[in-house]
Amino acid sequence: MTGPTYLQFHLVFLAPAVALMAATTVASRPWRRVHGIDCVGADRSYWVGVAVVTLIALAYTTPWDNYLIATGVWSYGEGSTLARLGYAPIEEYAFIVVQPVLTALWLSPLSRPAWSTPAHPRRSRAVATGTALALGAVGWWLLWSATTFYLGAILAWAAPVLALQWAVGAPQLWANRRLVALGTLVPTLYLCIVDRVAIEHGIWTLSTRYTTGVEIAGLPVEEAVFFLATNLFVVQGLVLYRWVLDRRRPTDDDSDA
């Protein structure tokens, strides 16, 4: 292969982005302390959550990813990868690990969530969980057609995670919907752009048989849905993790007692 490789993709698009976000996060800490700005990743416990979310992402994505590669949903250019573990190249596993770290770095300096006491928490959880299960049902239905197979696989795979997250904390996620949206959409846009570049240069290729052919600015819609779902997993997981930490933290009244 004479074009760029998957490793070069990491070195050009992912490694610099992670390094830039990490440097920005560290450099902004003194400024945030001086101005009393409380952010999502204000303490070290946040990075414990990042590690947990990353490990879960790797464990949950690996079998799904390998299955779709084995099925032929996407493939890699000849000579574009170093080695394979199962059906997936090792660079693919690196991508699975790097993505949540990149998204977590972007989320870290954003304003800390504001928790609320919802009026009807059970109802909101039930509605949100039902919505996730409905998406999963649509996904399973789409699996029966070759052209919607990849889209269906994404929805069917994403639904259990969304259902769990929304069943646990839908009211708090909705109360912090602006934070969730900002934390999700910016890294999603970036990853969509670099994914479009990778497809254009043949680092990986999506099967026309298993995709709808619908594109957004040259990017297959399935890829946009994938990055939106996975970044939503990460952001919601970290926001809920922060919620759990804040609930366990002693209040001022407790400390005075």
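Only this structure's heavy atoms are used, side chains among them; waters, hydrogens and symmetry mates stay out. The first residue in the sequence is number 1, and the count goes up from there.
The neighbour count for Phe13 CZ, taken as heavy atoms of other residues, nucleotides or ligands under 6.0 Å away, is above 12. Other residues, nucleotides and ligands contribute over 12 non-hydrogen atoms within 6.0 Å of the CH2 atom of Trp64. Counted within 6.0 Å of CZ on Arg44, heavy atoms from surrounding residues, nucleotides or ligands total 12 or fewer; the atom is thus considered open. Residue Trp141 qualifies as open at atom CH2: its count of foreign heavy atoms under 6.0 Å is 12 or below.
Val97 and Tyr241 are members of different hydrophobic clusters when ILVMFWY side chains are connected at heavy-atom separations under 4.5 Å. Criterion: ILVMFWY side-chain heavy atoms under 4.5 Å apart, direct or through other members. Under it, Val197 and Val12 are part of a common hydrophobic cluster. Hydrophobic cluster membership is shared by Trp243 and Trp47, with clusters built from Ile, Leu, Val, Met, Phe, Trp and Tyr side chains linked at under 4.5 angstrom.
Counted by atom type alone, Tyr6 and Glu92 present one or more donor-acceptor pairs between their side chains at under 3.5 Å.
Residue Tyr150 holds its OH atom at 11.0 Å from OG1 of Thr212, rounded to the nearest 0.5 Å. Taking CD of Glu222 as the reference point, atom CH2 of Trp74 lies at 11.0 Å (rounded to 0.5 Å). Atom-to-atom distance recorded for Tyr190:OH and Leu14:CG is 6.5 Å, nearest 0.5 angstrom. Between Thr61 atom OG1 and Ile56 atom CD1 the span is 10.5 Å, to the nearest 0.5 Å. With rounding to the nearest 0.5 Å, the separation of CZ in Phe9 from CG in Leu11 is 11.0 Å. In this structure, CG in Leu20 is found 9.0 Å from OG1 in Thr25, a value given to the nearest 0.5 Å.
With Thr184 as the partner, the side chain to side chain contact (heavy atoms under 4.5 Å, CB included) test is satisfied by one option alone out of Val234, Asn231, Leu189: Asn231.
You'll find the ring centres of Trp157 and Tyr67 outside the 6.0 Å limit.
Residue Ala156 comes nearest to Trp140 through the heavy atom pair CB-NE1, 3.8 Å, listed as atom of the first residue, atom of the second, then distance. Taking all atoms of both residues into account, the shortest heavy-atom contact from Val40 to Pro113 is CG2-CD, 4.0 Å. The two residues Ala175 and Ala114 make their nearest non-hydrogen contact at CB-O, 4.5 Å. The two atoms that bring Ala159 and Leu135 nearest to each other are CB-C, 4.5 Å, heavy atoms only. The heavy-atom pair separating Trp106 from Gly183 by the smallest distance is CD1-O, 3.5 Å. The minimum heavy-atom distance between Leu191 and Gln99, with the atom names listed, is CD1-CG, 3.6 Å.
Remark: the backbone N or O of Val168 is paired with a side-chain donor or acceptor of Arg125 at under 3.5 angstrom. Without hydrogens or angle criteria, Gln8 side chain to Thr5 main chain gives a donor-acceptor distance under 3.5 Å. Put simply, the side chain of Ser108 never gets that close to the backbone of Ala104: no donor and acceptor are under 3.5 Å apart. At least one donor-acceptor pair under 3.5 Å links the side chain of Arg177 to the backbone N or O of Trp174. A distance-only check finds no donor-acceptor pair linking the side chain of Gln172 to the backbone of Leu240 [under 3.5 Å].
Considering only heavy atoms from C-beta on, Trp115 comes within 4.5 Å of Asn176 through its side chain. Residues Trp204 and Glu91 fail the side-chain proximity criterion, which asks for heavy atoms closer than 4.5 Å.
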Exercise for the section: Any chance you could lay out the side chain to side chain contact (heavy atoms under 4.5 Å, CB included) test for Val235 and Leu179, step after step, and finish with the verdict? Expected result: CA-CA 9 Å; Val235 172; Leu179 172 64; 5.8 Å; no

Problem - Evaluation steps, side chain to side chain contact (heavy atoms under 4.5 Å, CB included), between Leu107 and Leu110 - result: CA-CA 6 Å; Leu107 179 67; Leu110 300 183; 4.0 Å; yes

Practice task
Go through the steps for Arg242 and Asp43 under the test side chain to side chain contact (heavy atoms under 4.5 Å, CB included), then give the verdict.
Solution key: CA-CA 10 Å; Arg242 172 56 62 194; Asp43 49 54; 3.2 Å; yes

